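Here is the structure we will look at.
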There are 2 protein chains.
Amino acid sequence: MQEKVTLRRSNKARSQDTTRKLLDAARSLFVEKGYAETGTPEIVKAAEVTRGALYHHYTDKADLFRAVVTHEAEAIAHEINATALEATDPIDGLISGARGYFTAMQVPGRARLMLVDGPAVLGADGMSEIDRKAGGESLKEGLAAAAAMANKTDLPLDELSVVLSAGFDRAALEITQGGDANRFISSLEVLLRGLMR
Amino acid sequence: MQEKVTLRRSNKARSQDTTRKLLDAARSLFVEKGYAETGTPEIVKAAEVTRGALYHHYTDKADLFRAVVTHEAEAIAHEINATALEATDPIDGLISGARGYFTAMQVPGRARLMLVDGPAVLGADGMSEIDRKAGGESLKEGLAAAAAMANKTDLPLDELSVVLSAGFDRAALEITQGGDANRFISSLEVLLRGLMR
DNA sequence: TTGCATACATACAGCCTGTATGTTAATTCA
DNA sequence: TGAATTAACATACAGGCTGTATGTATGCAA
């Protein structure tokens, strides 16, 4: 006789499995169609779970979105770190970091997720917190190092890093839409070099 | 006997009136609560019209939003032009324009409308078209003038203006959230000056 | 083994969007 | 100037989506 094959799994393993399936499905749908155009019924169908599971693990749709964005931010930080090369010139270091950032942002839909839907759904503050946790401080550190080397002590570093960071983001977005990465990189480099002269 | 007092109005006048009421109500609600959190029933109630009127004049909710954003972009351009002063130094002109932009962006909720919800709902391309029609080319022109005066012929002006424009936007957003306008302005000025040296 | 907590599954209520249809008044045209 | 047409709504409806409430089975701890 065929026994009732209920495969026995720990609660932790079950949770990990379903959250992972939800995260994967949600990510690819959010990336493909955007946040507003993606419904939870569609997500759970793709994830092969029920809405009950979704709302058990996440408080609401935005919470799931936050988890996806957080995961993505970590992946981006990881990719950048993997390609970042040590540079003697701090500005070279910043440019190399920017190159890595642009490359990481080329995975389809990622730029929209992180730079358009993210701020709209989670707010600018919610996003900056996620970025901070995922190590988005590197720009400010690089700027500070460059300023120190150039003996520029009176630069408004906090504001500069905010402004430049927005420029990097915008450049990344433009590049995904066909913009010329090299021209954007040189425009950023000329800004940085001018700053430190 | 009391005659039936149906005040007689032309169709054009009626349309102007209701679209204006819709625009006003939608603007203040979008600004206060954001696009996604504002429903059309709420809008028409505030405007004292019906949803039928709304969907008669606009194809959908996003279309009404587009009209609001367009109107707002024109108001911003107008405010900037009103305060812009002629400068001999093109960089001074850019800075003065930035000051006007930041001031215009301080009206509550406007920054969110134009810089957060706008791109998410209408797309980056939809927004840039609106900006373009409302005269958002002034940055590129100012940059070109400054570059000409400084004999900088090899700058990637298009990319620079895109990157800097993003920086201006981000600065405006930060200022509405308590950031120090003067520090942002000097950070932008030091970027521009360094660029043209 | 017994009781509680976890991890769901199902059902439901409320709201919202867009469309279809009906009605009244303005405008056009013969 | 009267009839036909169109504009400007108003009302009703269908479908879908979100979040919650409730039910159930299984893991886990005492």
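Because the structure is a prediction, the values reported are computed rather than measured. Hydrogens, waters and symmetry mates are skipped; everything else that's a heavy atom, side chains included, is used. Every chain is numbered from 1 and lettered A, B, ... according to where its sequence line falls, protein lines coming before strand lines.
- The interatomic distance linking B/F65 (CZ) with C/dG18 (P) rounds to 14 Å, in whole Å.
- We find that NZ of B/K21 is positioned 15 Å from P of D/dA8, with the value rounded to whole Å.
- Between atom CD of residue A/E189 and atom CD1 of residue A/I95 there is a gap of 4.5 Å, rounded to the nearest 0.5 Å.
- Atom CD1 of A/I91 and atom CG of A/L191 lie 10.5 Å apart (nearest 0.5 Å).
- With a 4.5 Å cut-off on side-chain heavy atoms, A/M196 and A/L143 count as touching.
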Footprint string (nucleotides 5-16 of chain C, 5' to 3'): B base within contact, S backbone only, - free, heavy atoms under 4.0 Å: -SBBBB-----S
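- Map B/S10 and B/A36 each onto its nearest nucleotide of DNA chain C; the residue landing nearer the 5' end is B/A36.
- Looking at B/K133, its side chain never comes within 3.5 Å of a backbone N or O of B/A73 through a donor-acceptor pair.
- Taking a 6.0 Å sphere around CD of B/E48, one finds it holds 12 or fewer heavy atoms contributed by other residues, nucleotides or ligands.
- When rounded to the nearest whole Å, the span between CG of A/D60 and C1' of D/dC17 equals 14 Å.
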Quiz: residues 102-125 of chain A side-chain donor-acceptor pairs under 3.5 angstrom, not counting sequence neighbours:
from, atom 1, to, atom 2, distance (Å)
A/T103, OG1, A/R99, O, 2.9
A/Q106, NE2, A/F102, O, 3.0
A/R110, NE, A/E72, OE2, 2.8
A/R110, NH1, A/E79, OE1, 3.4
A/R110, NH1, A/E79, OE2, 3.2
A/R110, NH1, A/A104, O, 2.7
A/R110, NH2, A/E72, OE2, 3.3
A/R110, NH2, A/E79, OE2, 3.2
A/D117, OD2, A/Y35, N, 3.0

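- At whole-Å resolution of the value, OH in A/Y55 and P in D/dT20 are 8 Å apart.
- What separates CZ of A/R9 from P of D/dC28 is a distance of 11 Å, to the nearest Å.
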